[in-house]
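First the structure, in the form of structure tokens, and then the observations on it.
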Amino acid sequence: DMALSPGSVTETVQVSAESNSLINTASPNLSTTLNTQEVTDLPNNGRNPYVMVTLAPGVISTTGNYFQAKSSQYTNPYSGTAVAVVVDGSGGHNRLLLDGIPNDAAERFSGASYTNFVPSPEAVQEVTVQNGIYDAQIGHGNGTVTNTVVRSGSNSLHGAAYYVFQNTYLDANTYEKAAANQPRNNNQVNQTGFVLDGPVYIPKVYNGRNKTFFMVSFERYATHTAINYSTRLPTADELKGDFSALCSSFNSNGLCTSGVQLYDPLSGVDANGNRTTYFPYNNIASRINATGAAMASYLPSPNVPGATALTNPNYISTQTSYPSTYPSFIVRFDQAIGQNNKLNVIFFRSGLTQNYPLQGFPKGIGPTNSSTGYGYNVYRNNRGGSVDDVQQFSSTMVLDSRLGLVYHPFGLVYPGNANFDLSSKLGMTTAGLPYNTFPGEYMNSDGYAGLAPGAGGQISENTVGSLDEILTKVWGRHSVRFGWE
């Protein structure tokens, strides 16, 4: 027989202390770091890592359209507005960095900073947001400092491919449209890309494990978005100068007694500031010259069924969709030069092509709007790179040398902005004019559509270069950094 004896009873209490990872004891900076998983997994319409700055405490968007409000097109990677934030109530200058180099070259006439190159979240190692108690290295303002760090390769080969899309027929309606019982505008988003990283390995030629690594990422972001447009256009009779339909009754002298009366803008004014000479029967045909008639031909015809001369609007555009494409590419190489020297090189390039609708206007010139007009083309390009060399002299002394360059051309170009043939198309003399652009046409009242001027756009080029030398020395419990930028 087998005998079973009771075992001994023991009890162990283990107490362990771990450092709080949310507190950086090595620096007094107030900062928030989002790791790779957070950057890739957190919901982010447009998948722009820089707009995650508003997840840091005390940071909000000045447009209210990042993470504090409904989904917005401004979170896409090409809008350039991720720098528009306020930290702790201060709207000072905000700095955007890409692997430590400036990534916010100014554009347009305002000289305001805009986001330049935006990497895919899959190509990002982490996003660090500093929003207080900056050290001497940060001296550009009192806003946030957001550094997006590009991931490097390792000894293992990793890859990812993705396709993110939105479609009008799959998306829920917006609350504004639903409240008005209207269908959602056209909204199509296609975001495709891949990222691949690992060691540089060429069979029988070079084995880069443990010393040479690469990361390459490509993304194409394409959208189709609608801009609703309606307006008032002159009728066929009005284009000939006959505005009599604006009045329902004239007296024997052709003065309107019930309705709208047109007055001669070249006539004198009375004591109340009103024009004194009217156009009999609202007919201005005698005032339409060849240039006026030519410009009127750039307008489409009213298309609202049953519209009269008094209907406003009498035109609803059916060509409201505009395409935007934004391909981007970034590659990184890391090289270990011995045990104490690390070198990495980054090159990136991106380019936005955006074509705003002409809203159905027939001759390539769009209508005016509250700012300038429709029909313009936009390009926002970025080209640049960096070289970063880290030399470890000893266990207590490290030198980081970094060189960066970003070239950022921008253009918002209207049709007819250059070399517009004023003579043959509009019958205008060009003598003494330094530039030939479409002159534009504005209506001051009654809601009639105007024509966007060709010279209403903006073009800018900005190149930002940076050179940093940072020497870090540790003495016991103290860390001191020396350097210049």
Side-chain angles (χ1 to χ4, degrees), residues 26 33-40 49-50 96-103 116-128 137 145-162 193-219 328-350 382-407 464-472 474 481 483 485:
T33 299
L34 302 171
N35 60 33
T36 303
Q37 183 176 3
E38 291 169 327
V39 172
T40 56
Y50 281 107
L96 298 183
L97 304 174
L98 180 67
D99 250 42
I101 70 169
N103 192 34
N116 299 159
F117 182 83
V118 176
S120 164
E122 276 73 18
V124 172
Q125 181 70 30
E126 65 180 29
V127 176
T128 301
Q137 182 185 355
V145 179
T146 305
N147 186 23
T148 296
V149 180
V150 179
R151 67 189 300 177
S152 61
S154 63
N155 278 332
S156 300
L157 190 65
H158 300 89
Y162 55 90
F194 72 87
V195 60
L196 182 67
D197 67 85
V200 175
Y201 177 72
I202 304 175
K204 299 181 180 181
V205 176
Y206 184 76
N207 186 353
R209 288 182 173 86
N210 297 318
K211 54 184 177 181
T212 308
F213 310 97
F214 78 95
M215 187 283 298
V216 59
S217 173
F218 173 80
E219 180 175 280
S328 63
F329 171 82
I330 185 170
V331 60
R332 170 172 175 157
F333 288 98
D334 290 81
Q335 178 67 46
I337 307 173
Q339 294 294 323
N340 300 323
N341 193 196
K342 310 294 182 183
L343 177 72
N344 76 68
V345 179
I346 295 176
F347 172 77
F348 55 83
R349 181 169 183 168
S350 63
N382 302 285
R383 302 172 188 173
S386 66
V387 178
D388 194 344
D389 180 75
V390 179
Q391 177 71 51
Q392 182 178 350
F393 298 108
S394 67
S395 60
T396 62
M397 181 179 292
V398 177
L399 176 65
D400 186 359
S401 304
R402 184 185 304 118
L403 173 66
L405 184 69
V406 177
Y407 172 58
V464 177
S466 61
L467 177 61
D468 299 77
E469 292 286 345
I470 303 173
L471 179 66
T472 303
V474 178
R481 292 197 296 173
E485 178 181 307

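As a basis for the values below, the full set of heavy atoms in this structure was taken, side chains included, without hydrogen atoms, waters or symmetry mates.
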Under a 4.5 Å cut-off applied to non-hydrogen side-chain atoms, are [X] and [Y] in contact?
X: Thr36; Y: Val124; result: no
X: Leu343; Y: Ile337; result: yes
X: Phe213; Y: Val200; result: no
X: Ile470; Y: Leu399; result: no
X: Asn341; Y: Val390; result: no
X: Val195; Y: Met215; result: yes
X: Gln391; Y: Asn340; result: yes

With rounding to the nearest 0.5 Å, note down the distance linking [atom1] in [X] to [atom2] in [Y].
X: Arg383; Y: Asn116; atom1: CZ; atom2: CG; result: 13.5 Å
X: Phe218; Y: Phe329; atom1: CZ; atom2: CZ; result: 9.0 Å
X: Ser386; Y: Leu403; atom1: OG; atom2: CG; result: 8.0 Å
X: Asp334; Y: Ser152; atom1: CG; atom2: OG; result: 4.5 Å
X: Arg402; Y: Glu469; atom1: CZ; atom2: CD; result: 10.0 Å
X: Leu98; Y: Ile346; atom1: CG; atom2: CD1; result: 6.0 Å

* To do: Take Asn147 and Val127 through the test side-chain contact (heavy atoms from CB on, under 4.5 Å) and record every step on the way to the result.
  => CA-CA 6 Å; Asn147 186 23; Val127 176; over 6 Å; no

Does the [X] side chain pair with the main chain of [Y], one donor and one acceptor, at a distance under 3.5 Å?
X: Arg151; Y: Glu122; result: yes
X: Thr128; Y: Thr33; result: no
X: Asn35; Y: Glu126; result: no

What are the two closest non-hydrogen atoms of [X] and [Y], and how far apart are they?
X: Ser120; Y: Tyr162; answer: OG-OH, 2.9 Å
X: Pro119; Y: Tyr50; answer: CD-CE1, 4.2 Å
X: Lys342; Y: Ala336; answer: NZ-CB, 3.6 Å
X: Ile101; Y: Ser466; answer: CB-OG, 4.0 Å
X: Asn103; Y: Leu97; answer: CB-C, 4.1 Å
X: Asp388; Y: Ser401; answer: OD1-O, 3.3 Å

* **Ring-face cation of Arg209 near Tyr201 (centre distance under 6.0 Å, axis angle within 45°)** => yes

[Y] and [X] side chains, donor-acceptor separation under 3.5 Å:
X: Gln335; Y: Thr212; answer: yes
X: Asn382; Y: Ser350; answer: yes
X: Ser394; Y: Thr396; answer: yes

* To do: For Phe333 and Val331, run side-chain contact (heavy atoms from CB on, under 4.5 Å): C-alpha distance rounded to whole Å, both residues' side-chain angles, the deciding distance at 0.1 Å, then the answer.
  => CA-CA 7 Å; Phe333 288 98; Val331 60; 3.7 Å; yes

* How about Phe348 and Phe117: are their ring centroids closer than 6.0 Å? -> yes

* Is Arg332 salt-bridged to Asp99, going by a charged N under 4.0 Å from an acidic O? -> yes

